[in-house]
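Okay, so here's the structure we're looking at.
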Amino acid sequence: MKRTHLSLLTSVFLALFSVQAQEPMTAVVERGLSRAKHQAQFMANTLENTPDALPRTFEKGKLVTCKYNNWVSGFFPGVLWMLYEHYGDEELRRQAELFTSRVEPAKRMTNTHDLGFMLYCSFGHGYRLTGNEHYQQVIEEGTHSLLTRWNPKLGVMRSWDFNKKWQFPVIIDNMMNLEMLCYMSKHTGDRSFEKIACTHANTTIKNHFRKDYSTYHVVSYDTISGKPHVKNTHQGYADESAWARGQAWGLYGYTMMYRETGKKAYLKQARAIASFLVNHPNMPKDKVPYWDYNAPDIPNAKRDASAAAIMASALIELSQLDPSKDAALCLSFAQEQLRSLTTDAYLAKEGENGGFVLMHGVGHLPGKSEVDVPLTYADYYYVEALLRMKRLMERTDGVADHKE
Ligand code: GLY
């Protein structure tokens, strides 16, 4: 009896002690941001004199770079802009300008849907922070290039041009390009851009999602009937599986579309995707998803830090847009993700990891490409999530810190 009493007291003490011992969220965020600044400037110095180079990943001890025409080209400039905004360091601004200029030729590309990622994550921040009209012109030209892929009959923008089995492939990632269209409507007053974004988002709700609100990766449309003729995966485990980053793109995409348009259907969609993800039985304890929620080798499957970072950023925003009881759950889930990402398990040490901030991303596992490596987009959404968390804590005077 006495022993039971004692062990009960011990567990209460341990529970209290572990709550108290948890690092304040403010400290987690500061540590993540200062590591990001160190790493980003290290990366910028490394690539400063390599013409046209933009970071992509770090594999087998070697930095892998790309040029403007890779879908990831805009993320590193975006990291530099976000850090410049936060720290106000003029050297960061110079570096942001330098690397942004390297992405500029992407504005003429008409063979990809990724122009929202490439241009809005780089020039978008640049224009917001400097008002440089040239940046706005680049976004405008890029938007017109992107819209060459819009098919009004199908109500979607085409994602890829490769692969003969798909007549008109649209991937869930494409939701992320809609933010640039919404921005263009706000900036120019021409509602047609936003109208296209809404039509694409509506068609995607109709055809990409399963009953449980998980999403297919690729839906290809029959250009005659206008209906999907095939639903596949490309980067996930199986056609019917839930590829982790794809789910995160969907969550982020509909949260962003609700913020931009105020349309309740997008809030409903974002909430349902969030619920599928935060309650998923295969979500690991540290909340950094396996690369695919249906990977056959769970619990030994690789984790994807990029999916966690995108998800955390989206959940923080959703928690602020969503007045429902689920808001607190979304926020505390995102906080746990940021805590996990900001430990030695995922956060690189200064000067290591090729200058990338996070380790352990999965790019394209079935293609045996970029598996368990740093990814420039993981860093982008990690920094964005940290800054969203910081602003939220400032607004609520640290209240967010106490919600866990
Ligand atoms: N948009 C490509 C990817 O998420 O890998």
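Since we're looking at a predicted model, the values are computed, not measured. Both ligands and their constituent atoms are indexed starting at 1 by order of listing.
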Matching residue for Tyr252 among Gln247, Met176, Met257 - test: side chain to side chain contact (heavy atoms under 4.5 Å, CB included):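 Result: among Gln247, Met176, Met257, Met176 is the only option passing the side chain to side chain contact (heavy atoms under 4.5 Å, CB included) with Tyr252.
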
Residue pairs involving residues 41-54 (criterion salt bridge (charged side-chain N to carboxylate O under 4.0 Å, His left out); sequence neighbours excluded):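 Checked against salt bridge (charged side-chain N to carboxylate O under 4.0 Å, His left out) - neighbours excluded - the pairs reaching residues 41-54 are Glu48-Arg94.
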
Aromatic ring pairing Phe75/Tyr377, orientation class (parallel under 30°, perpendicular over 60°, tilted between):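 Phe75 and Tyr377: tilted rings.
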
Salt-bridge criterion met for Arg339 and Asp286 (N-O under 4.0 Å):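 Salt bridge: no.
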
Pi-cation contact, Tyr290 with Arg303 (under 6.0 Å, within 45°):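 Yes, a cation-pi geometry holds between Arg303 and Tyr290.
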
Neighbouring protein residues of ligand 1 - any heavy atom closer than 4.0 Å: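 Ligand 1 pocket, heavy atoms under 4.0 Å: Trp71, Asp173, Gln235, Trp243, Arg245, Trp249.
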
Residues, nucleotides or ligands: over 12 heavy atoms within 6.0 Å of Lys153 NZ: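 Above 12, so yes.
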
